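Order of the sequence lines sets the chain letters (A, B, ...), proteins ahead of strands, with each chain counted from 1. Predicted model, so just to flag it, every value in this text is computed and none were measured.
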2 protein chains.
Amino acid sequence: MDVATRLRDEGYRMTPQRQLVWDVLRQADSHLTAEEIHDRVTERVADVNLASIYRTLALLDDLDLVKEVRLGDDRGRWELAHPDDTFHLVCRDCGQVTHHEGDLVEQVRAHLLGGHGFAAEEVDLVVHGLCERCR
Amino acid sequence: MDVATRLRDEGYRMTPQRQLVWDVLRQADSHLTAEEIHDRVTERVADVNLASIYRTLALLDDLDLVKEVRLGDDRGRWELAHPDDTFHLVCRDCGQVTHHEGDLVEQVRAHLLGGHGFAAEEVDLVVHGLCERCR
DNA sequence: GTATATGCAAAGTCTTTGCATCGTT
DNA sequence: AACGATGCAAAGACTTTGCATATAC
């Protein structure tokens, strides 16, 4: 189901602004701040208000279509929602942010539940270091 | 070595304000925001300026005596620096924040290096969920 | 046509900074 | 006495909100 349909199903409207934010995020090579999204949207069409970008992101977040991540620079960054979305490797050299693939999150959950009785719900792992290429 | 000595060794001065911030953090039961530290300091003596709290925290951070953590509520929280300081379990029921004990961070490092060639430097793991008592 | 979304500007929250004064060394 | 630290108020960065206007349905 596409976003337009999803929005309408939930009682919201599809607008050019929302479509643009969504398109930018889908084509993004990295995790973008609201302002970066704003810049990219504005490159394509006449200015869209920053407040509308924030409102759109909040809405898409509510619908679990996008997710905000904090990678340590204290600004919100946004990406499409997906299963591994809370697990980020940030290279301090090239700046690239990769999503972790694999079962590490499951390992962490099992470890915490078994060893500490802690029932993990949201696991947010951000690792800064050097990626394979930059080492 | 105590903080006063450490400060002076690095060319800084010990002041009542700095001592108070340090004392509050040592006695803290949880991870405090700058404002919470300010409140606790102010309970003990006449008002200390919030800006001085921030400046003191920045200084102690530089000296690796305290550390800022982001636990998801988007405000900086502060704790004494210690080996496991980047690994936090936050209970969504009682709000308690516990530090993880054990070798999980090492496991994560090994996993990332072995499977992905990623050399982890700083590992920040924040897990929200239910602690043993609240389950 | 009606209710929702946008633009604009103002306000809000947390944090930092400039500058005169105060206090530690 | 000298230089670093504090208090105060103002500014900064990022994000949210109120309200009139525009627009999707």
Side-chain angles (χ1 to χ4, degrees), chain A residues 2-25 31-42 44-63 65-78, chain B residues 2-25 31-42 44-63 65-78:
Chain A
D2 67 347
V3 207
T5 312
R6 179 73 197 286
L7 282 172
R8 282 188 280 260
D9 281 0
E10 306 272 350
Y12 301 103
R13 296 171 181 177
M14 178 47 99
T15 66
Q17 291 88 338
R18 288 175 177 170
Q19 186 67 57
L20 282 159
V21 169
W22 180 251
D23 290 345
V24 163
L25 279 173
H31 302 69
L32 305 177
T33 64
E35 205 157 353
E36 287 165 348
I37 295 169
H38 177 247
D39 290 345
R40 298 200 185 185
V41 163
T42 301
R44 305 185 180 192
V45 295
D47 186 49
V48 169
N49 197 273
L50 225 203
S52 298
I53 306 282
Y54 277 106
R55 279 188 284 229
T56 295
L57 290 170
L59 174 61
L60 296 177
D61 192 19
D62 276 355
L63 301 181
L65 294 170
V66 303
K67 191 161 187 341
E68 185 179 17
V69 290
R70 299 264 165 180
L71 299 179
D73 58 356
D74 292 2
R75 342 178 39 183
R77 294 185 169 271
W78 297 85
Chain B
D2 66 347
V3 206
T5 312
R6 178 72 197 286
L7 282 171
R8 282 187 280 260
D9 281 0
E10 306 272 352
Y12 302 102
R13 295 172 181 176
M14 177 48 97
T15 66
Q17 291 89 338
R18 287 175 178 170
Q19 186 67 57
L20 282 159
V21 169
W22 181 250
D23 289 346
V24 164
L25 280 173
H31 301 70
L32 306 177
T33 64
E35 205 157 355
E36 287 165 348
I37 295 169
H38 177 246
D39 290 345
R40 298 200 184 185
V41 163
T42 301
R44 306 185 180 193
V45 294
D47 186 49
V48 169
N49 196 273
L50 226 202
S52 298
I53 306 280
Y54 277 106
R55 279 188 285 228
T56 296
L57 291 169
L59 174 61
L60 296 177
D61 192 18
D62 275 355
L63 301 181
L65 294 170
V66 303
K67 192 163 187 339
E68 186 178 16
V69 290
R70 299 265 165 179
L71 299 179
D73 59 356
D74 291 2
R75 340 179 40 185
R77 293 183 169 273
W78 296 85

Self-check item: Gap separating the CG atom of Asn49(A) from the OH atom of Tyr54(A), nearest 0.5 angstrom
Solution: 11.5 Å
Quiz item: So Arg6(B) and Glu10(B), salt bridge (charged side-chain N to carboxylate O under 4.0 Å, His left out) or not? Walk me through it.
Solution: CA-CA 6 Å; Arg6(B) 178 72 197 286; Glu10(B) 306 272 352; 3.2 Å; yes
Quiz item: Along DNA chain D, 5' to 3', what are the outermost nucleotides having an atom less than 4.0 Å from a heavy atom of chain A?
Solution: dC14(D) to dC25(D)
Self-check item: 5'-most by nearest nucleotide on DNA chain C - Ala34(B) or Arg18(A)
Solution: Arg18(A)
Practice problem: Scan Gly76(A) against the nucleic acid and name what it touches under 4.0 Å (heavy atoms): base, sugar-phosphate only, or nothing. | Solution: sugar-phosphate
Quiz item: Nearest 0.5 Å, what's the NE2-CZ distance between His31(B) and Arg75(B)?
Solution: 15.0 Å
Exercise. Go through the structure and list residues passing side-chain hydrogen bond (donor to acceptor under 3.5 Å, both in side chains) with Arg70(A), not counting sequence neighbours.
Key: Glu68(A), Asp74(B)
Quiz item: What heavy-atom pair brings Leu50(A) and Ala34(A) nearest, and what distance separates the two atoms?
Solution: CD2-O, 4.1 Å
Quiz item: Roughly how many Å is it from CD in Glu35(B) to P in dT15(C), rounded to a whole number?
Solution: 9 Å
Quiz item: By a strict heavy-atom criterion of less than 4.0 Å, which residues belonging to residues 47-58 of chain B are in contact with DNA chain C?
Solution: Ala51(B), Tyr54(B), Arg55(B)
Quiz item: In chain order, what residues pass the side-chain hydrogen bond (donor to acceptor under 3.5 Å, both in side chains) check against Asp23(B), with sequence neighbours excluded?
Solution: Gln19(B), Arg26(B)
Quiz item: Tell me, for nucleotides 20-25 of chain C in 5' to 3' order, what letter each nucleotide earns: B for a base near a protein heavy atom under 4.0 Å, S for only sugar-phosphate near one, - for neither?
Solution: ---BBS
Self-check item: Spacing of Leu60(B) atom CG and Arg18(B) atom CZ [to the nearest 0.5 Å]
Solution: 8.0 Å
Quiz item: How would you list, by chain and number, every residue that makes a side-chain hydrogen bond (donor to acceptor under 3.5 Å, both in side chains) with Arg13(A), sequence neighbours excluded?
Solution: none
Practice problem: Heavy atoms only: give me the nearest Val66(A)-Leu25(A) pair and the separation to one decimal. | Solution: CG1-CD1, 3.7 Å
Quiz item: Which whole-number value in Å describes the distance from Leu59(A) CG to dA5(C) P?
Solution: 7 Å
Self-check item: Least distance between heavy atoms, Thr33(A) atom then Glu36(A) atom
Solution: N-OE1, 2.9 Å
Quiz item: Asp74(B) CG to dG12(C) C1': how many Å, rounded?
Solution: 14 Å
Quiz item: CG of Leu65(A) to CG of Leu7(A): how many Å apart, nearest 0.5 Å?
Solution: 7.0 Å
Practice problem: Using whole Å, report how far CZ of Arg75(A) lies from P of dC14(C). | Solution: 18 Å
